[in-house]
**Student:** 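Sharing a structure below in structure tokens format, with a few things to ask.
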Amino acid sequence: MKVIANWKMNLPTPDIRSWTENFYSNVNLDDSKTIGVAPPFTHISNCVTYLQNLRVGAQNISSRDLGNNTGEISASIAKDSGASFVILGHSEVRENLDEQSSLINKKIAIAIEKNLSPVVCFGESRESYENGITKDFVCSQLKECFEGIKAETIIIAYEPIWSIGTGITPETNEINEIHNTIKDYCKNHLKFVPESVLYGGSVTDKNCKNLITGENIDGFLVGGASLDGNSFARIVNNCF
Ligand code: PEP
């Protein structure tokens, strides 16, 4: 079971202290729980110091290694700062930076090469959902992004774009079915078994108890509800 916080471009440094106090005074942690936090790049090393027993990750990396790539952060630099995983293919990056599957494919490859566990996001638009083509859409994203990739440490996050930050989620059985399709597709067509398939999109401390009843739902990637240490602690407590 895994729960990962995606802080996006939030939480300026002074707030990390209060997040940490709120989180640790409310959370029940044990060895069966793998909890990760992906802060903005500049806070990674600070988070490694403050967030005991949590994994710290990056929200993106460059598709290239060290060199003349102004403004980019390589897998090696993220790892040096203390990151142990990286979120790739988030729909906000795909949209804001016009990131295509071929680029995500290169980023997955370099993350694996540098021992940074990839957490790769997939998900359909509202239009695709309404047209009933979610499974086909997600499988074609999987095919493009994982072409030629072989690894055992890949985490997949199914994040319907229309659910991110909207307060609306698919039904638990719908998510469960998509996760089942993702697992089958990876095993039968891409020849790897993902370490976990997480769900992301408007997860809260209220709805996570129900969502986790889906047998193929292995955990969550949490945006908005992870920004408050109390609320993230309740999510961690409620889904184990
Ligand atoms: C996300 O963007 O990864 C996400 C899951 O956001 P939220 O929880 O705010 O919907």
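It should be emphasised that the depicted structure is a prediction, and the values quoted were computed from it without experimental measurement. Every number for a ligand or one of its atoms is a count from 1 in the order of the listing.
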**Student:** Who else is in the cluster with Ile155 when I, L, V, M, F, W and Y are joined by side-chain contacts under 4.5 Å?
**Tutor:**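 Same cluster as Ile155: Ile4, Phe85, Ile87, Val119, Leu198, Leu221.
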**Student:** Give me the nearest non-hydrogen protein atom to atom 2 (O) of ligand 1 as residue plus atom name, then the distance to 0.1 Å.
**Tutor:**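 Closest protein heavy atom to atom 2 (O) of ligand 1: Lys8 NZ, 2.5 Å.
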**Student:** Between Glu130 and Arg126, is the closest basic N to carboxylate O distance under 4.0 Å?
**Tutor:**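 Salt bridge between Arg126 and Glu130, a charged N being under 4.0 Å from a carboxylate O: yes.
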**Student:** Where is the nearest protein heavy atom to atom 1 (C) of ligand 1: which residue, which atom, and how far?
**Tutor:**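 Ranked first by proximity to atom 1 (C) of ligand 1 is His90 NE2, 3.2 Å.
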**Student:** Could you tell me how the ring of Trp7 sits relative to the ring of Trp19: parallel (under 30°), tilted (30 to 60°) or perpendicular (over 60°)?
**Tutor:**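 Ring orientation of Trp7 relative to Trp19: perpendicular.
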**Student:** Would you please name every residue forming a side-chain contact (heavy atoms from CB on, under 4.5 Å) with Lys114, sequence neighbours left out?
**Tutor:**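 Expected list: Asp65, Ala75, Ser76, Ile110.
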**Student:** With respect to Gly201, determine whether any N or O atom, backbone or side chain, lies less than 3.5 Å from an N or O atom of ligand 1.
**Tutor:**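 In fact, backbone or side chain, Gly201 has no N or O that close.
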**Student:** For ligand 1, note which part of Ile164 has a heavy atom under 4.0 Å away: side chain, backbone, both or neither.
**Tutor:**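 Answer for Ile164: both.
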**Student:** Could you tell me, atom by atom, which parts of ligand 1 come under 4.0 Å of a heavy atom of Gly165?
**Tutor:**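 Checking each atom against Gly165, I get 7 (P), 9 (O), 10 (O).
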**Student:** Give the numbers and elements of all ligand 1 atoms closer than 4.0 Å to a heavy atom of Gly224.
**Tutor:**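 Per the distance check, 7 (P), 8 (O), 9 (O).
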**Student:** Atoms of ligand 1 less than 4.0 Å from Leu221 heavy atoms?
**Tutor:**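 So the answer, numbered in order with elements, is 5 (C).
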**Student:** Go through ligand 1 atom by atom and flag the ones less than 4.0 Å from a non-hydrogen atom of Asn6.
**Tutor:**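 Close to Asn6: 3 (O).
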**Student:** Would you please indicate if the ring centroids of Tyr158 and Phe122 are separated by under 6.0 Å?
**Tutor:**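 Tyr158 vs Phe122: aromatic centres not under 6.0 Å.
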**Student:** May I ask you to list the atoms of ligand 1 that are less than 4.0 angstrom from any heavy atom of Gly223?
**Tutor:**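 Per the distance check, 4 (C), 5 (C), 6 (O), 7 (P), 8 (O), 9 (O).
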